Number of protein chains: 2
Amino acid sequence: MSIGIAQQLGPSEGLGPIGLHVRKIIEERIVTNVFRPGERLSENDLAELLGVSRQPIREALIRLTEAGLVRVMPQRATIVTRISVARVNSARFLRAAVERAVVREAALQAKPHHIAQMRALIREQTTAIREGDHARFLALDDDLHRAFAVSMAHEGVWRTLQNVKLQMDRVRYLSLPDATPASRLIRQHAAIVDAIAARDPDAAEAMMQKHLEELLSSLPRLVARLPEYFDSSDVA
Amino acid sequence: MSIGIAQQLGPSEGLGPIGLHVRKIIEERIVTNVFRPGERLSENDLAELLGVSRQPIREALIRLTEAGLVRVMPQRATIVTRISVARVNSARFLRAAVERAVVREAALQAKPHHIAQMRALIREQTTAIREGDHARFLALDDDLHRAFAVSMAHEGVWRTLQNVKLQMDRVRYLSLPDATPASRLIRQHAAIVDAIAARDPDAAEAMMQKHLEELLSSLPRLVARLPEYFDSSDVA
DNA sequence: ATGGTCAATCTAGCCGACTAGTATGGGAGA
DNA sequence: TCTCCCATACTAGTCGGCTAGATTGACCAT
């Protein structure tokens with residue numbers, strides 16, 4: 001563990017099972033590249049770092065294994081998975097297929113108040129960018145995509161996509177320096193909502209596809225620039 | 001625990017971590033309705049039943065929680081989730097969106113040897129039905145759907161769908177008595193593969209949609225017949 | 001008979017210790 | 001110098017026990 005900051009969990013912090021809290025902490029550190037691809041995550045070290053026993057740590061690591069952020073090699077080590085280009089592309093394929101279907105259905109079913117809320121979220125995103133608050137921008141991104149699913153009465157679909165999205169989020173975070181400008185992403189969001197409001201499923205679907213493709217546009221450059229973060233075994 | 005059969009895990013059975021083995025056992029019993037919706041799954045009882053300590057049991061239950069087959073109420077109980085009609089429909093929506101996109105792409109990319117393998121799997125299904133081997137039929141079903149994903153070079157997509165599919169499988173198992181006849185499902189499979197072989201993405205997509213819709217055709221009857229297995233809180 | 005309280009008994013959460021399995025590094029032998 | 005072997009020091013897996021929290025039901029006061 002190369003992180004020196006010992007962020008202890010305060011007493012009774014979280015109010016739920018510690019394991020869930022630990023999972024969120026580790027997940028966030030992996031997505032934001034604090035724990036780097038390939039890095040070893042010793043259960044003992046994590047336990048000491050967070051001030052709990054190994055049990056909640058193990059629980060968190062099991063959940064992260066299911067999400068594909070971590071890989072356990074029994075009796076040997078637990079490591080942060082390297083980013084697999086094949087896996088990221090599969091994640092994009094899956095997410096694109098689902099979100100296309102979502103906005104298509106949203107174009108048919110969304111009620112006016114749903115559309116109003118989508119527009120409100122886009123306005124908030126504009127504000128967040130003007131204030132340079134990137135974290136808030138990304139959170140609102142989530143909210144908007146969830147709003148699409150809610151507007152067609154299948155919020156569960158969005159929830160299921162979360163683990164898939166994680167794979168893309170890792171890339172997205174690394175891309176931050178040379179990513180698609182936020183203003184462009186906001187225009188795409190607006191175009192999708194406009195298509196939904198206009199009851200135009202084809203346009204909504206097409207815009208969503210384009211939007212999701214652009215999110216990973218810098219992936220090839222990343223692989224070239226940071227090869228040690230990527231899984232060299234995949235055929236790409 | 002109302003199950004009297006004490007199926008102990010043999011020594012060194014499984015060869016991997018016991019927790020993974022336990023997960024498979026419990027998962028199968030839930031899907032096949034041995035552990036019924038709403039039933040309490042006490043960690044202590046499961047540990048005694050399977051002849052291991054509570055630790056591997058907990059590990060398995062955590063994984064099953066992620067899959068949505070189990071719900072943990074801290075300090076109170078762990079129960080088999082009741083089947084949520086809303087959740088099953090969301091699962092179908094998601095799976096249909098993805099598998100439509102998969103066969104569409106397969107129609108463009110599948111190589112001859114992929115198509116040959118799909119046809120072989122369908123023949124095996126025919127054999128399995130003739131011999132009355134339903135379990136084998138369902139396993140081959142999985143293999144075929146995986147083959148679709150493999151033929152477009154995104155096996156990862158299929159793997160991600162597994163947990164989603166579990167929600168549908170529970171319904172499917174309960175439907176067995178009055179489900180769509182297997183011969184009809186096989187004809188649909190054949191039609192999908194024919195469309196892929198004919199490089200006709202639209203036809204493949206349409207057939208897949210119809211196929212997935214039929215799998216749950218008996219859901220309304222099930223809810224009426226076995227209301228205690230279903231989550232009454234969802235709006236349906 | 002009814003309402004409220006508290007002890008007994010459950011649960012899952014959490015912990016410390018031990019085990020089995022794996023890498024590693026140093027030393028003996030060639 | 002090189003190779004092999006083994007002691008050592010790790011790892012995650014597993015276990016039994018304890019704890020905090022929740023339910024239950026008997027008992028008591030009214």
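Computed from a prediction, not measured in an experiment: that's the story for all the values here.
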Self-check item: Worked verdict on A:Thr65 versus A:Arg71 for side chain to side chain contact (heavy atoms under 4.5 Å, CB included)
Solution: CA-CA 6 Å; A:Thr65 299; A:Arg71 179 157 150 242; over 6 Å; no
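The nearest heavy atom of DNA chain D to A:Leu61 and to A:Gln55 marks one nucleotide each, and the one closer to the 5' end goes with A:Leu61. The residue among B:Met73 and A:Ser53 whose nearest nucleotide of DNA chain C lies closer to the 5′ end is B:Met73.
Across the protein-nucleic acid pair, A:Glu43 atom CD and D:dT14 atom C1' stand 12 Å apart, rounded to whole Å. Rounded to an integer number of Å, the gap from B:Ile57 CD1 to D:dG13 P is 16 Å. Put simply, CZ on A:Arg58 is 11 Å from P on D:dC15, counting in whole angstrom units. The distance from atom CG of B:Asn44 to atom P of D:dG17 is 12 Å, rounded to the nearest whole Å. If you measure from atom CZ of B:Arg23 to atom C1' of D:dG13, you get 18 Å, rounded to the nearest angstrom. Taking atom CG on B:Leu20 and atom P on D:dA12, their separation rounds to 15 Å, with Å as the unit.
When atom types are taken as modelled, the side chain of B:Glu155 and the backbone of B:Val150 share no donor-acceptor pair closer than 3.5 angstrom. Between the A:Arg82 side chain and the A:Glu228 main chain, a donor and an acceptor come within less than 3.5 Å of each other.
Within the 4.5 Å cutoff, the side chain of B:Ile30 has no heavy atoms near those of the B:Tyr173 side chain.
At a cut-off of 3.5 Å, with distance as the only test, no side-chain donor of B:Ser218 or B:Arg225 sits close to an acceptor on the other residue.
Salt bridge status for A:Asp141 with A:Arg136: absent, with no side-chain N to carboxylate O gap under 4.0 Å. Looking at B:Arg63 and B:Glu66, no side-chain N of the basic residue comes within less than 4.0 Å of a carboxylate O on the acidic one, giving no salt bridge.
Listed nucleotides: D:dT11, D:dA12, D:dG17. Nearest to the side chain of B:Arg54: D:dG17.
Enclosure of atom CD in A:Glu213 by more than 12 non-hydrogen atoms of other residues, nucleotides or ligands within 6.0 angstrom is indicated. Other residues, nucleotides and ligands place more than 12 heavy atoms under 6.0 Å from the CZ atom of B:Arg146.
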Protein-nucleic acid N or O pairs under 3.5 Å, nucleotides 22-24 of chain D:
| residue | atom | partner | partner atom | Å |
| --- | --- | --- | --- | --- |
| D:dT23 | OP1 | B:Arg76 | NH1 | 3.4 |

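In summary, contact between chain B and DNA chain C, defined as any nucleotide atom under 4.0 Å from a heavy atom of the protein, begins and ends at C:dT11 to C:dG13 in the 5' to 3' direction.
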